[in-house]
Amino acid sequence: MIPHLFKLIWNKKKSHALLIVEIWASFLVLFGLATLIVINVGNYREPLGFTYENVWAIGLRNNQDTVSIADKQQRILQRLKAYPEVESVSRMSGNFPFSANQMNNGIEYNKRKAHPDFYVTDEDFAKVLDIPMTAGSWYRNVDSVGKYKPIVINKKLKEALFSDENPLGKVLSDKFRVVGVVDKFKAKGEFMSDKPAIFELVKVNETWNDTMLMRVKPGTDAVFEAKIVKDIASMVTGWSVEVDYLADSRKNQHNLVLVPVIIALVVCTFLLINVALGLFGVLNLSIAKRRGEIGLRRAMGATGSGISTQFIGEIWVLATFAMLIGLLFAIQFPLLNVFDVKAGVYVTAIIIAVLIIYAIVTLCALFPSRQAALIQPAVALHEE
Amino acid sequence: MIHLKNIEKVYRTSTIETLALNNINLDIQKGEFVSIMGPSGCGKSTLLNVMGLLDEPSKGTVELDGQPVTQYRDKELARLRNQKIGFIFQSFHLINDLSVLDNVEIPLLYRSTNGKPRQEYAKEALTKVGLGNRMKHFPKQLSGGQKQRVAIARAIVGNPDIILADEPTGNLDSGMGNEIMNILQQLNDEGATIVMVTHDEQMAKRTHRLVRLFDGTQVL
Ligand SMILES: Nc1ncnc2c1ncn2[C@@H]1O[C@H](COP(=O)(O)OP(=O)(O)O)[C@@H](O)[C@H]1O
Ligand SMILES: [Mg+2]
């Protein structure tokens, strides 16, 4: 029966062309969306690599003031550390966790190149964010001897540059020496992919690294926030102070990822509903046009349920047809490795898209095919 | 072979009630060639549909090979239609999107015949009706007479005991009609039981027995 259905569909391919194109396009759109979702779900399931609750980022801007900035930064840092509400403080570059800022640069080791994110931080950074070490230790100020800056790298960068080699003590780009390795650092939140990262020790005179990352005791609230803003303002006149709670910034970062996905999901749903309604209409019409054939098949020995199975089988053949064409396109992504996404993600996305398409066409065919099964053969044969 | 007892068929729509068959008693013997005649609308097709298990009578019993089929369910009726009965219609009812060969194979799709023998049987049946050289054609490329020969091949491909033909020559000119009649006669000579509805006295004369209907009642 299946070869028979293939022949039937193949011989009618011209009149089915539009349907095939619609299913093909739906398949590709679904494939794209499923890829996006599979990537994000995959990312979400990987840990951040640090904790963010009760951590605040205090952005300092010296604005017009240009007098002994480094010194003033140090005084503010010491002042913050002195509050009983504060557990730890660290000075870093503007790309603090969940911020909109980003910094990256090329780096190499033994001809191997990578393009990691750079974070410039002081020695307390790992303590503030609770980042566990997997090898070596976080850099101290005393590590900064000779011409090499101490750095910590994440596992992703270690794999990219060293694979199985021990990275500790190695020199990168004739500038940095590795003193420690951390597992992950997904600074843009859970939905970010685990990208290569480097942490480098900040120098006192690099005053543009003017964000104070501060872990406060649980339960510390906006009253304290107002207090430190006021205190800092009285220490350094003309500076501006901006406080971000990392927990809030994280939500913003998530929305940045989720909103486009949700919009895509809504658009895709509407598209699929349209295709489904079209399909439903075409199937109803085709059954009305094929009453004679239905009657004939019944006369030749088809049961009612055999007829409805045939119509569902036909739409499956059609969908399979369309998806095989779609697969030719979809398979290019893992083959050409366009987006640096693992092949497994595409395969999962393809499977999801295939299942959803089969589910939709089956749903659309269910009612018309039941109607077809109910057609009285004697009546249908009589009509022509 | 076929035994109809007190058959009555009433069609009910919301406004009217049509008595299409009224107290029909008919016995078709094995190997017989029976023709049914009567004016348009007198119930000939209905009678053939009842005999072919395509339609249920409102009253009375249908026996096939001595077995009453009144209580049979869809699946059993479908199996009987497939194995015992071959249908031929005035308007051929070929599937235009399938080749001649594929059309003829259809009855075999509804029993478990494999692809290879299925094709062989279909080719045999087509050769028998003189269309061995038209198997790859599509129905649109055939004349009316050729189409009806394809339909006959389809009716006989499964080796049914009974062939039911509803005005098989009704859409054909007399030359082609005679050709079809010759084939049916040959099939009957080879042992097939045939019941044929016709408007043509000449055709009817070539059969063993004539049944006349008038307004749903058997008058001869
Ligand atoms: N499905 C149906 N519903 C209602 N009336 C029908 C149906 N089929 C046939 N009839 C009626 O039954 C009568 C017999 O029809 P039919 O057997 O087709 O006649 P014939 O084949 O002799 O021309 C006609 O009056 C016809 O209108
Ligand atoms: Mg008729």
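Residue numbers begin at 1 in each chain, while the letters A, B, ... track the order of the sequences. Excluded from the calculations below are hydrogen atoms, water molecules and symmetry mates; all remaining heavy atoms, backbone and side chain alike, are included.
Listed by first and then second residue, the salt bridge (Lys or Arg N to Asp or Glu O under 4.0 Å) pairs involving residues 141-153 of chain B are B:Arg149-B:Glu179 (not counting sequence neighbours).
Between A:Arg290 and B:Ile95 there is no side-chain heavy-atom pair separated by less than 4.5 Å. For the pair B:Arg79 and A:Thr303, the minimum side-chain heavy-atom distance is 4.5 Å or more. Contact annotation: the side chain of B:Leu54 never approaches that of A:His382 to less than 4.5 Å [non-hydrogen atoms, C-beta and beyond]. Using a 4.5 Å heavy-atom cutoff, the side chains of B:His93 and A:Glu293 are not in contact.
In this structure, CZ in A:Arg298 is found 9.0 Å from CG in B:Leu77, a value given to the nearest 0.5 Å. Here CE of A:Met300 is found 10.0 Å from OH of B:Tyr110. Values are rounded to the nearest 0.5 Å.
The number of heavy-atom neighbours closer than 6.0 Å to CZ of A:Arg370, taken from other residues, nucleotides and ligands shown, is 12 or below. Atom CD of B:Glu190 has more than 12 neighbouring heavy atoms from other residues, nucleotides or ligands inside a 6.0 Å radius. Counted within 6.0 Å of CZ on B:Phe33, heavy atoms from surrounding residues, nucleotides or ligands total more than 12; the atom is thus considered enclosed. More than 12 non-hydrogen atoms from other residues, nucleotides or ligands lie less than 6.0 angstrom from CG of A:Leu328. Surrounding NZ of A:Lys184 are more than 12 heavy atoms belonging to other residues, nucleotides or ligands, all under 6.0 Å away. Annotation: B:Glu56, atom CD; neighbour count of heavy atoms from other residues, nucleotides and ligands within 6.0 Å does not exceed 12. Environment of CZ in B:Phe214: sparse, with no more than 12 heavy atoms of neighbouring residues, nucleotides or ligands closer than 6.0 Å.
By a heavy-atom distance cut of under 4.5 Å, A:Lys7, A:Leu8, A:Asn11, A:Lys12 are the residues of residues 5-27 of chain A near chain B, going up by number.
Across B:Gly86, B:Pro160, B:Ser45, B:Ala78, the residue that shares the most heavy-atom pairs under 4.5 angstrom with chain A is B:Ala78. Ranked by heavy-atom pairs under 4.5 Å with chain A, the first of B:Asp102, B:Asp97, B:Leu164 is B:Asp97. Highest contact tally toward chain B, considering only A:Arg297, A:Gln376, A:Met1, is held by A:Arg297 [criterion: heavy-atom pairs under 4.5 Å]. Chain A forms more heavy-atom pairs under 4.5 Å with one residue of B:Gln90, B:Arg154, B:Gln83 than with any other, namely B:Arg154. Each of B:Asp55, B:Leu98, B:Leu108 has some count of heavy-atom pairs under 4.5 Å with chain A, and the biggest count is that of B:Leu98.
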Could you walk me through whether B:Phe89 and A:Leu296 pass the side-chain contact (heavy atoms from CB on, under 4.5 Å) test, one step at a time? CA-CA 9 Å; B:Phe89 306 97; A:Leu296 172 89; 3.9 Å; yes
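Residue B:Asn49 touches chain A through its side chain alone, counting heavy-atom pairs closer than 4.5 Å.
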